[in-house]
Amino acid sequence: MRFEALRRDVKTKARLGVCHTAHGSFQTPAFMPVGTQATVKAVTQEELRELGYDIILANTYHLYLRPGHELIKKAGGLHKFMNWDRAILTDSGGYQVFSLGDIRKITEDGVKFKSYIDGSEHFFTPESVIDIEAAIGADIIMAFDECPPYPSTYEYAREATQRTHDWAVRCKEAWSGKQALFGIVQGSTFRDLREWSAEFISSLDLPGNAIGGVSVGEPKPSMREAVEWTAHLLPEHKPRYLMGVGTPLDIIDFVMLGIDMFDCVLPTRLGRNGSMYTTYGRINIKNARFIDDFSPLDPECDCLVCRNYTSAYIRHLYKSEEILAARLATYHNLAFYQRVIRGIREAIAADRLADYRREFLSKYSVGAELKQETVS
Ligand SMILES: [Zn+2]
């Protein structure tokens, strides 16, 4: 993988770039839809291409448990298995092991956990995770890390950060060099741990760097601090990925701090729950005010859904629990995220990202349920 930083916004730390992978190039800032089980829920791979997505994320933990990385390897790798010829990033499973996993034991060597599917016991080590990610065959792979919950004590956060560093070294040693391995900065909500971690992970000189351990239930100011403390310590000439973030406004804000890549379940998960992003804020389609609203979800959206269907019809689909409701909502929300990302890129190219943020917010806050949107 090769990363080209093309341009830097004059007033902020935002940058415009392009990542070249074996499965095509993707522009940055980039948003990666989450395809946990080798599918971005409710949309087809053809639709993702139509929406302009050039990279998606898949979850190592889930694919390891089902259908198993050996089966994916037998299929010729994940790109072939799911018929996606553009870039893929796999996370390392660290986040899932520590958040979903029924953890049996954490040792210096790895983590023993129980499958959420059948209760069977498994053991992940940095080396085994790199092997699993190699079998899956994504273009970008993440190092195995320990993601501490929020809140964590300083002592525990320090131990988890140390273990993350030791494991990153072992991941690098086990890595073939064929895929682009990214290291992950941890450190919870503690400034000295975050800075230490950013410096250590950068020193490994991997193809890219990520900030992890955010979006784990901490308040938004803490998430922002974690990025402010570390983003500038990560090398300029490599992509910076903020894991599990965020809302459209989060993305604009963190691009301004120098982040290039994002992934988040919000547009897809909220869509399935009847919540849609629009230019004038997030709406809940189940709300009675949409009963006879024969206008599109978002008057400024030109996606297939907004061109062809009304809010009243989509509300009816929800109330009738029709599968098409989730399909249309997900498609529109992913179109909205793509429109925001494109707006960000155009604004950086024109040195007007701060103006773009102001314009975005002036409309978005009109009807927005601007409560803090958190992922649970
Ligand atoms: Zn739309």
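Since the structure is predicted, the reported quantities are computational estimates derived from the model, not experimental observations. All residue numbers in this chain count up from 1 along the given sequence. First listed ligand is number 1; within each ligand, the first listed atom is number 1.
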Exercise for review: Please check if the side chain of T12 supplies one atom and the backbone of D9 the other of a donor-acceptor pair under 3.5 Å.
Suggested key: no
Check your understanding: What protein N/O/S atoms lie closer than 2.8 Å to the Zn ion (ligand 1)?
Key -> C301 SG, C303 SG, C306 SG, H332 ND1
Exercise for review: Answer with yes or no after comparing the ring centroid distance for F3 and H20 against a 6.0 Å cut-off, counting only values under it.
Suggested key: no
Exercise for review: Any pair with a residue in residues 225-272 that passes ring pair (Phe, Tyr, Trp, His ring centres under 6.0 Å), sequence neighbours left out, goes on the list, sorted by first then second residue, please.
Suggested key: none
Exercise for review: Answer yes or no: is there a side-chain heavy-atom contact under 4.5 Å between K172 and V169?
Suggested key: no
Review point. Does any pair with a residue in residues 322-354 pass ring pair (Phe, Tyr, Trp, His ring centres under 6.0 Å), and if so which ones, sequence neighbours excluded?
Key: F31-Y337, Y277-F336, Y277-Y337
Revision key, fill the gap. Sorted by chain and number, sequence neighbours left out, ring pair (Phe, Tyr, Trp, His ring centres under 6.0 Å) with Y154 holds for F190
